[in-house]
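Just so you know, ligand 1 is whichever comes first in the structure, and atom 1 is the first atom listed for that ligand. Everything quoted here is computed from the prediction, not taken from an experiment.
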Amino acid sequence: MVRAFVQRGNPVTIVDRVTPEIPEQYRHLVTHVAGELTDPQVREAAVPEGSAGIIHLAAITSVLRSVDKPAETFAENLEVTQGLLELARQRGVGRFVLASTNAVVGDIGYGTISERLPLRPLTPYGSTKAACEMLLSGYSGAYGIATTALRFTNIYGPGMSHKDSFVPRLMRAALAGEGVEVYGDGSQSRDFVHIDDVVQAITASWDKQYNGTAVIGSGNSISVMELIESVRAATGKELPVTHVPAKNGEMPAVIVEIEKARRELGYAPNVRLTDGLRTVWDDFRDADGRASVTT
Ligand SMILES: NC(=O)c1ccc[n+]([C@@H]2O[C@H](COP(=O)([O-])OP(=O)(O)OC[C@H]3O[C@@H](n4cnc5c(N)ncnc54)[C@H](O)[C@@H]3O)[C@@H](O)[C@H]2O)c1
């Protein structure tokens, strides 16, 4: 997102506890506020007077971690969002985009997820995001802030080597020339959306000052075995599979409908899976190359 804004010549303030890497040519446009968003002073510094809007991506993003640490998840996901909305209200910031999730609707088996389903989250992660969506709605209704909640499916792309989700695990296995474990028969399906398509959706919401909720995915669900096949195609690696017993409680499918985003945001995902996976593979190989030069 930062790259998309600075390429348009727009200045950006990043708030993150981790220092971002900013290419030299864009540094004059980027300010980094280092710290914890749970700290009100950090939030104050993160929303300078005259800000055009807030894109709120920071969160406890791991479902498992949220189950282990519900109180921290409440503080980091919900209270931080409320604090930022409050600053938006006080400082006259006109738009607010939240990274939400389809986990707000819980497990609907093989049904299709759309914005029309009731909110029925099953974890602290999903419930804090659902509660954030409600806060956005209230701040929009009472104060006229254009608030957008974008419910992302599984995002992949360059910059995910710190993650422990399935795509990075496959990439690490491919780099090491190892195999992977698959829970059950690997027929469980997911929707993988490339980061460039996610950036397109956020940019469209921002530009339109869109007020509402939209599901953002690729619109194509694929099985775990199909994903592995695509990673083999993108990396040229064998990636042998060992099937291990299925995990209890794993969702059998994530199938989403993206018609609302198409209609109301002009969203049109256009990264093909194998092409998108190549961007992740290149990123992993670059990082690996840098690591072996350093060691
Ligand atoms: N990645 C996905 O597949 C996916 C799917 C659905 C929704 N989302 C949502 O999108 C957003 C971004 O996800 P991501 O995968 O890029 O996450 P990430 O963990 O890779 O990035 C989050 C960033 O926020 C920073 N951060 C988090 N909490 C902070 C805090 N309290 N103070 C300061 N900095 C903090 C982290 O240092 C990190 O740089 C999250 O809100 C997540 O819930 C992601």
Would you mind listing which atoms of ligand 1 come within a distance below 4.0 Å of any non-hydrogen atom of [X]?
| X | value |
| --- | --- |
| E36 | 30 (C), 31 (N), 32 (N) |
| N154 | 3 (O) |
| V18 | 37 (O) |

**Message:** Strictly less than 4.0 Å: does any protein heavy-atom distance to atom 20 (O) of ligand 1 fall in that range?
**Reply:**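 Given the 4.0 Å limit, the answer for atom 20 (O) of ligand 1 is yes, a protein heavy atom qualifies.
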**Message:** In the complex you have, is atom 16 (O) of ligand 1 within reach of the protein, judged by whether a heavy-atom distance drops under 4.0 Å?
**Reply:**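 Given the 4.0 Å cut-off, atom 16 (O) of ligand 1 does not count as touching protein heavy atoms.
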Ligand 1 contacted by [X] (non-hydrogen, < 4.0 Å):
| X | value |
| --- | --- |
| H56 | no |
| Y125 | yes |
| K163 | yes |
| N102 | no |
| M160 | no |
| G35 | yes |
| S100 | yes |

For [atom], the protein heavy atom that lies nearest, with its residue and separation:
| atom | value |
| --- | --- |
| atom 44 (C) of ligand 1 | I155 CD1, 3.9 Å |
| atom 30 (C) of ligand 1 | R17 NH2, 3.3 Å |
| atom 13 (O) of ligand 1 | T61 CG2, 3.9 Å |
| atom 35 (C) of ligand 1 | A58 CB, 3.8 Å |

**Request:** Report the distance from atom NZ of K129 to atom CG of L119, rounding to the nearest 0.5 Å.
**Result:**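 Output value for this atom pair is 14.0 Å.
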**Item:** Between CD on residue E24 and CD1 on residue I22, distance to nearest 0.5 Å
**Value:**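 Spacing of CD (E24) from CD1 (I22) equals 11.5 Å.
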Taking heavy atoms and a distance under 4.0 Å, where does [X] meet ligand 1: side chain, backbone, both or neither?
| X | answer |
| --- | --- |
| E76 | side chain |
| R151 | neither |
| D16 | both |

**Item:** Worked check of side-chain contact (heavy atoms from CB on, under 4.5 Å) between M171 and L277
**Value:** CA-CA 9 Å; M171 294 294 165; L277 288 169; 4.1 Å; yes
Looking at [Y] and [X], is there a salt bridge between them, counting it only when a charged N and a carboxylate O are closer than 4.0 Å?
| X | Y | result |
| --- | --- | --- |
| R8 | D207 | yes |
| E44 | R91 | yes |
| D288 | R285 | no |
| E257 | R116 | yes |
| R17 | E76 | yes |
| E250 | R190 | yes |

**Asked** L122 and D107: which non-hydrogen atoms are nearest, and at how many Å?
**Response**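 Shortest heavy-atom separation between L122 and D107 comes out as CD1-N, 3.5 Å.
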For [atom], tell me which residue out of [options] has the closest non-hydrogen atom.
| atom | options | result |
| --- | --- | --- |
| atom 32 (N) of ligand 1 | T153, L37, I14, N77 | L37 |
| atom 9 (C) of ligand 1 | G157, S62, A99 | A99 |
| atom 11 (C) of ligand 1 | T101, T38, L57 | L57 |

**Asked** Is it the case that D185 and S187 place a side-chain donor and acceptor less than 3.5 Å from each other?
**Response**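 Yes - a donor-acceptor pair under 3.5 Å links their side chains.
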**Asked** With S100, which of R151, H56, E133 fulfils side chain to side chain donor-acceptor pair (under 3.5 Å)?
**Response**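 The residue from R151, H56, E133 that satisfies side chain to side chain donor-acceptor pair (under 3.5 Å) with S100 turns out to be E133.
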